[in-house]
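For reference, the structure discussed in these notes is given below.
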There are 2 protein chains.
Amino acid sequence: MRSPTEENYLKALFHLSNDKAEANISELSALLQVSKPTVNSMVKNLKKQGLVNYEKYKPLKLTEKGRKAAALVLRKHRLTEMYLVDKMGFGWEEVHDIAEQIEHIDSPVFFERMDELLGYPRVDPHGSPIPDKEGTVEVQTYQSLSNCKPGDKVKLAALMHSSADFLAFLNSRELSLGHELHVVSLESYDGSMVVNYHNHQAETLSKTVCDRLLVEPI
Amino acid sequence: MRSPTEENYLKALFHLSNDKAEANISELSALLQVSKPTVNSMVKNLKKQGLVNYEKYKPLKLTEKGRKAAALVLRKHRLTEMYLVDKMGFGWEEVHDIAEQIEHIDSPVFFERMDELLGYPRVDPHGSPIPDKEGTVEVQTYQSLSNCKPGDKVKLAALMHSSADFLAFLNSRELSLGHELHVVSLESYDGSMVVNYHNHQAETLSKTVCDRLLVEPI
DNA sequence: TTAATAAGTTAGATTAATCTAACAAATTTA
DNA sequence: TAAATTTGTTAGATTAATCTAACTTATTAA
Ligand SMILES: [Mn+2]
Ligand SMILES: [Mn+2]
Ligand SMILES: [Mn+2]
Ligand SMILES: [Mn+2]
């Protein structure tokens, strides 16, 4: 069986590879908040298990076996988040830390039952895709709100980098997934936008926020 | 924070102390399936934390602090078992192994929410009491079915030692908590009993089984 | 293209949790 | 009570996961 630590490294490698196709020791060290020598030795361990390709001083890459293993951990994480929100009434800003622990539970039937009770959801509460049992992860093609033009009408579909801070901000503006957004205007100087949605009229959103809101055309 | 290993030792000590008021190294070693030297060094660690009273060669006893810490782990375990059965549809024979892992999740709000969704249950799916948030454990006064006489009518309230084997046996006889049992006869030679309940007439139960069925008068 | 900086590695130590082998103390049996 | 058995302890080793200090390799800036 894989240790929680190994599962966390795999997940971190998966995230880094998704962003930039290749990962390195320093990024892993920063992301996992452990020293570089610690990462170095764990990477040797993962290589020995055939989960990652690694040669001294070269960039890291998950093998297919490693990619799949990582996706299955991510599946446990995201199913858990969805379960916590849909079945236990937690807010989307509360679930990540709990899921970070529950994702390491070793019980296929437990996660199977979650999936079943949830009706086989395809995304987690932050709009990220839930990998299937074979480790296949749907590729999302959403655009960032930043790329929209005044007059566009779009639906909020997912978030990029759903940190607790960001989620708290969205809560304060009552912005939830599924809401329709109407782009009123774009301030070209700083990239901020004025939008209408739900019960909010002329809400101004900074470029930082718009960058992280992933939308689809209606 | 307490490690999963420490939590498991506390729970084991709690169980042993409940049965016989005092525990010893060999029993812990057998129960936890680790060597005696391993137990010896963990006991020193728990003593250093003020969780157990221990002097070389003397019997072990949880301190009040240790007793409470153990009860709170047991609370997490039993709430989880109840949640798995009531809210996720697992059988009472499936939940122990999953709860053995989930009991180590560090998230007060997670177990609070379980408790709330369950309506603050006082017993787990095997009839064992769920300790309260202060670590107080209700003392159960049920009798063993073995102590009943022909003609007695009782209700199955709890199980003693709910092993997977025992639960499978009870499932095969459709015996569940809450069922009314009518003692038809007692075979004094081997202590076996013939009982009626639910849709079962003249079911014979061995002494071993009767010993482990805890009942209350109707 | 050298010097400075960043990234990566090695060596060696630490801590928690575990083991086996050897021995000592306590308890039970004869 | 003496012998045998059980129980408990000590010593020393191992493994996973971590650290710091020191060093090397690679990259970037002068
Ligand atoms: Mn998450
Ligand atoms: Mn995790
Ligand atoms: Mn249990
Ligand atoms: Mn456990």
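Naming: A, B, ... by sequence-line order, numbering from 1 per chain. Quick caveat: nothing in here was measured; it's all calculated off a predicted structure.
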A correct 5'-to-3' footprint of nucleotides 8-19 of chain C, with B, S and - meaning base, sugar-phosphate only and no protein heavy atom under 4.0 Å, is SBB------SBB

Cationic tip of A:Arg113 within the cone over B:Phe90's six-membered ring, i.e. under 6.0 Å and within 45° of the normal?
yes

B:Thr63 (side chain) donor-acceptor with B:Leu51 (main chain) under 3.5 angstrom:
yes

I'd like to know if the side chain of B:Gln140 reaches the main chain of B:Leu214, judged simply by a donor and an acceptor atom lying under 3.5 Å from each other, with no hydrogens or angles considered.
no

Before you tell me yes or no, could you show the steps for A:Asp106 and B:Gln101 under side chain to side chain donor-acceptor pair (under 3.5 Å), namely the whole-Å CA-CA distance, both residues' side-chain angles and the distance that decides it to 0.1 Å?
CA-CA 8 Å; A:Asp106 175 26; B:Gln101 298 180 64; 5.3 Å; no

Between B:Arg78 and B:Glu81, is the salt bridge (charged side-chain N to carboxylate O under 4.0 Å, His left out) condition met? List the steps.
CA-CA 5 Å; B:Arg78 291 179 176 166; B:Glu81 289 190 340; 5.8 Å; no

